[in-house]
Peer 1: 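Structure incoming, see below.
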Amino acid sequence: MKAFDGYNPIAVFIYYAAVVSVGMFCMNPWIIGFSLVGALVTFFIRNKLSGAKSHLFFLLMFAVMVIINPLFNHNGVTVLLVINDNPITLEAIIYGIASGAMIIGIIYWFRSFSQIMTSDKLLYLLGSISPKFALILSMTLRYIPLFEKQTQKVVHAQQALGLYRDDDFLSKIRGGIRVFSVMVTWVLENGVITSDSMTARGYGITKRTHFSIFKFRRHDIILTVTTVILFAVMLPTLITGAINFEYYPKIVGEETTVFSVLAYISYGILAFLPTITEAEEKIRWKYLKSKI
Amino acid sequence: MITIKNAALRKVLKIIIPFLLVPLALAIGIFVLEEKSYTFISIAVSILALVLFISGFEKKKTGTRRLVIVAVMTALSVVGRFIPLFKPITALTVITAVYIGGEAGFLVGAMSALVSNFWFGQGPWTPFQMFAWGMIGLIGGLLSKYLKKSHALLIIYGVFSGIVYSFVMDLWAVLWHNDVLTAEIYIAALVTAIPYTVIYSVSNMIFFALLAKPFGEKLERVKLKYGV
Amino acid sequence: MEILKIEDLSFSYPLCEKKALKNISFTVERGDFVTVCGATGSGKSTLMRMLKKELIPLGELTGKVYYKGKDLDTLSEKETTCSIGFVAQRPEEQIVTDKVWHELAFGLENMGLPKDVIRRRVSEMTCYFGIEDWFEKSVNELSGGQKQLLNLASVMVMQPDILILDEPTAQLDPIAASDFIATLSKLNRDLSLTVVITEHRLEDVIPAGNKLLAMENGEIVKYGETRSAISALYGNKTLIEGMPAAVRIFNNFEINTPCPLTVREGRDFIEKNFSNEIRSADKKEQKNEKKDAVLEFSDVYFRYERDLPDILRGLDFTVYENEIFCILGGNGSGKSTSLSAAAGINKPYSGNIKVFGKKIKDYKNGDLYKNCLSLLPQDVQTVFLKNTVKEELADVNMDTSDLPYDLSELNERHPYDISGGQQQLLALAKVLSTKPKLLLLDEPTKGLDAYAKKSIMDVLKKLRALGMTIVCVTHDVEFAADCADRCAMFFRGEITSCSSPKEFFSGNSFYTTAANRMTRGYYGGVTTVADAVEIMKKNGAATK
């Protein structure tokens, strides 16, 4: 169990909604910085250093975004050099870095979010909005592994009939389409059994309730309340634009006030909440163990 | 549970959201608001997509088999990735829409986007993909009378919607990155995507040419046999 | 108390002149365990659906069904859904959701029950079925038998008074099947739950039930207490064919005692009525001429992934020309894996497989599948993709005149609309289109009734007569005893014994046919019902 895995999906969702919505729409360097570092730390605590390839991919993506922006965007007053009559501006470079950092940050928030929000948690979340939608999703998630297994069976069956080969690209496509055809028939014909099974158990005769095995516990309340308070502190500055930041034509930030500093601190805490919970849990377990 | 009880309102929403409100939001975002257009567009489209999604659910009783077909086609569009070059979401969305109806098509498109992102990664792009693919299904359903009649038209629709889909997603990517839309960056993004778009269109074309008919027949049979 | 009363029920499917059910009337008492038997097409599945209001198919229906004295039509949907539970044949497709706990809760969610009620009922049922270990699992992690138990449990949470089951064990292996029947028995005993069940494999079900309903051509042939009903069926060949071995033996003699149902009763019957002066049927074993090897496994090792355990562990065996070779063994012992290895689908990491004296690796460009070998998969639906039987056959350019059986009656039917036995034959036809000399079959009799099983056996014997070599993986000991030339026992990735069916089943004491268990120690070398009958006739009446 890693931090947040044991929390109620609703609490987790509210937290991520808060941290991502601010991080995504506010181009203030402080916010971007906190968001990026917080997202990365949260992700690395969960996954250690595994999956180097994917990190490399996002690093590359960041580089591309930083390079592309000044090449195509010629706003800004500080011209550094001119290529083919096109000015490359300092503002455009900085904007590229900032927006790249923002995007990478959001992507990493989503990456850890998808790890925490496993399918059953997502269903719980959706179930409280629309049980029907949650049911379709649950059925789909149940079908996918089933269909994958069946596809494998069909491939083998067709292979032994000499009708599926994968030695070259074209026959792979041809065979694939054949297998897919078999699958379409299979799923449609057998889908009727599923729908009978649903009808037999009374689907659709009255308004459905949504059952789940998740509870809203004390730590969920604490997390939710903390999130809401931190967000509330930031809200006035977000609305009034007190922490707005202009990149074009010239880099200008709003004046630093008590409110904006408070907003930065709040977002900083918010972005590091998963890390803080993780640390707190580790310490608590150590303490419990030492008592035994 | 959130549902829209009024059937007439549902019907109106299903038409005006995709064909009026979303384009309007895009237009306002791009042409009226010079900055923060991304913020506005993404919030507006997400909310509209959600409302559209909810209005897609009717409280019909005979819906069990339809529900199963939607789940089945969605799962297939995720599983079907095993064929090289073949991205089955558009194809299955269109076929479902034509043979089962626009609503089912919308759901298959939108759900496929959501579910396949469990594998490809969820992100702020998810609601937009849901919307885009859902629309392909919805429009396909509206045009089903013609698409069923003419195989050529079906192929054109399938390929065309694939292209429009990638154009729209590029537009979104540019907006996210840049907050304001400049023609240059958009064109650059489209140009880099050309090889991908071409492969995608060709594979869609092959798929529709070869399989739209037989798959449609299979759906028709299930519809007849089990009274969907 | 009378819980179910069916009154003059008739039903016909749309566009079908023949009635699927004709004037059916019977009553079921609370706590009854009714076994419904009959060949495929006798209307028993249709009858099951008539009892579950929600699943009545489209068609013309006359007559009435009363539940606890009330007309089923007048009861509310909620009442009928909860009171009458239904479990169907295929375990996999009946599951709706992705998690075990969610599946258990599904029916209760549909009833709109509050969360804490659902929680209580689900936990209660989980404990009763002893499935706490799976509670949080994904359903796709379960085995076939577990899936069917889950289906049963998720119907039981709705607290039904009657359970209707339509061939619930047809897709299970014998051990999972008897577990399932045992669970049903327990529910029937513990909760006085009324059970109405159809089955093809009656060996376990008949002793568990107290009533029998026999059907033929949409009509009830006999309904009543099991033993007397079976006695009344004396001489009815089609229905007796599917009965337990003891009943089939009993039906060959005219002896005025109650009909034995189980192996124990069968043994008593034989000992009481027949002497054992002649202890074994003096049958000439076929001489083993030296024949060419068709399929050779030598020291084959296989695993699916590097860090998974071996499935095949030094597998060694040889199949000779023109024989039917049956591989038997428990679930997950690697039987099916060895078949797909022989078909070149699973590639062993060590050891050799030779087909017609040539290593599989040396077959290039799919030559292995041209006039050489062919595999009939366990799930035959994996080979169907067209809209009619005719198109299916055209899809592989099959010339039906080469087939030792006739499919022309089915030409215009959809492959999914024909019976399981017919599907099996259609798939076999597709498989035969490559003109194989070696035919590999994976459980060809799974889920089939006695009649369909017999027609498959006949077809296989005909194919052998045409010179084909057949390797067959099966759970069905009766099938192997009847048509194999040699049988092999598969255990943990290797073959532990291999001999002619006579020797094989006489040597095993548990994993053997019912006829053999019944005569063990009394007669020797009996494997099939026919063997037993023959030796009993020779011996004549007991002298005592």
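Bear in mind that the values here come from a model prediction, so they are computed numbers and not experimental data. Reminder, nothing fancy here: chain letters follow the sequence lines and each chain counts from 1.
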Peer 1: Does B:K148 have more than 12 heavy atoms from other residues, nucleotides or ligands lying within 6.0 Å of its NZ?
Peer 2: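 Counting neighbours around NZ of B:K148, more than 12 heavy atoms of other residues, nucleotides or ligands fall under 6.0 Å, so yes.
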
Peer 1: Look up atom CZ in A:R142 and atom CG in A:L137, then write down how far apart they are to the nearest 0.5 Å.
Peer 2: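 A:R142 atom CZ to A:L137 atom CG measures 14.5 Å (nearest 0.5 Å).
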
Peer 1: Could you look at B:L219 and say if it's the side chain, the backbone, both or neither that has a heavy atom under 4.5 Å from chain A?
Peer 2: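 The answer is both parts of B:L219.
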
Peer 1: May I ask you to decide if the ring planes of A:H55 and A:Y108 are parallel, tilted or perpendicular, using 30° and 60° as cut-offs?
Peer 2: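 Judged by the thresholds at 30° and 60°, the geometry between A:H55 and A:Y108 is parallel.
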
Peer 1: Return the OH to CD1 distance between A:Y247 and A:I94, rounded to the nearest 0.5 Å.
Peer 2: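 Reported value, rounded in 0.5 Å steps: 8.5 Å.
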
Peer 1: Tell me the residues of residues 147-156 of chain A whose non-hydrogen atoms fall below 4.5 Å from those of chain B, in number order.
Peer 2: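 If one takes a 4.5 Å heavy-atom cut-off, the residues of residues 147-156 of chain A near chain B are A:F147, A:E148, A:T151.
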
Peer 1: Would you indicate whether the side-chain heavy atoms of B:V78 and A:Y143 approach each other to under 4.5 Å?
Peer 2: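 A:Y143 does not reach B:V78 side chain to side chain.
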
Peer 1: Counting only heavy atoms closer than 4.5 Å, note whether A:L188 contacts chain B via side chain, backbone, both or neither.
Peer 2: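 For A:L188, the contact with chain B is made by backbone and side chain together.
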
Peer 1: Quick test of your reading of the model: are A:D196 and B:R65 salt-bridged, counting only N-O distances below 4.0 Å?
Peer 2: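 So A:D196 pairs with B:R65 through a salt bridge.
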
Peer 1: Using a 4.5 angstrom heavy-atom cutoff, name the option from A:I173, A:T194, A:V192 with the most pairs to chain B.
Peer 2: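 Top count of heavy-atom pairs under 4.5 Å with chain B: A:V192.
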
Peer 1: So which part of A:S114 gets closer than 4.5 Å to some heavy atom of chain B, the side chain, the backbone, both or neither?
Peer 2: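 For A:S114, side-chain heavy atoms alone lie under 4.5 Å from chain B.
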
Peer 1: Testing the basics here: between B:V68 and A:S195, what is the closest heavy-atom pair and its distance to 0.1 Å?
Peer 2: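 Closest approach of B:V68 to A:S195: CG2-CB, 3.5 Å.
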
Peer 1: Let me confirm one number: the CE-CZ distance from A:M65 to A:F62, rounded to the nearest 0.5 Å.
Peer 2: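 So the CE of A:M65 and the CZ of A:F62 are separated by 7.0 Å.
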
Peer 1: For chain A, which candidate among B:V79, B:V70, B:L210 shows the most heavy-atom pairs at distances under 4.5 Å?
Peer 2: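 Option with the greatest count: B:V79.
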
Peer 1: Pick one of side chain, backbone, both or neither for B:L76, based on which atoms fall under 4.5 Å of a heavy atom in chain A.
Peer 2: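 Both backbone and side chain.
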
Peer 1: Can the ring centres of B:Y99 and B:F215 be said to be less than 6.0 Å apart?
Peer 2: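 No.
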
Peer 1: Using heavy-atom distances under 4.5 Å, tell me whether A:L122 contacts chain B through its side chain, its backbone, both, or neither.
Peer 2: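 Side chain of A:L122 only, per the 4.5 Å heavy-atom cut-off to chain B.
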
Peer 1: Is the shortest distance from a Lys or Arg side-chain nitrogen in B:R221 or A:E189 to a carboxylate oxygen in the other one below 4.0 Å?
Peer 2: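 Yes, B:R221 and A:E189 are salt-bridged.
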
Peer 1: Heavy-atom distances under 4.5 Å only: say whether A:I106 touches chain B with side chain, backbone, both or neither.
Peer 2: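 For A:I106, the side chain is the part near chain B, not the backbone.
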
Peer 1: For A:L135, which atoms come within 4.5 Å of any heavy atom of chain B: side chain, backbone, both, or neither?
Peer 2: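 Side chain only.
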
Peer 1: Work out which heavy atom in A:C26 is nearest to a heavy atom in A:I243; give both atom names and the distance.
Peer 2: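 Answer, listing the atom of A:C26 first, then A:I243: SG-CD1, 3.9 Å.
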
Peer 1: Tell me, for A:S181 versus chain B, whether the close heavy atoms (under 4.5 Å) come from the side chain, the backbone, both or neither.
Peer 2: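 Both parts, heavy atoms under 4.5 Å.
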
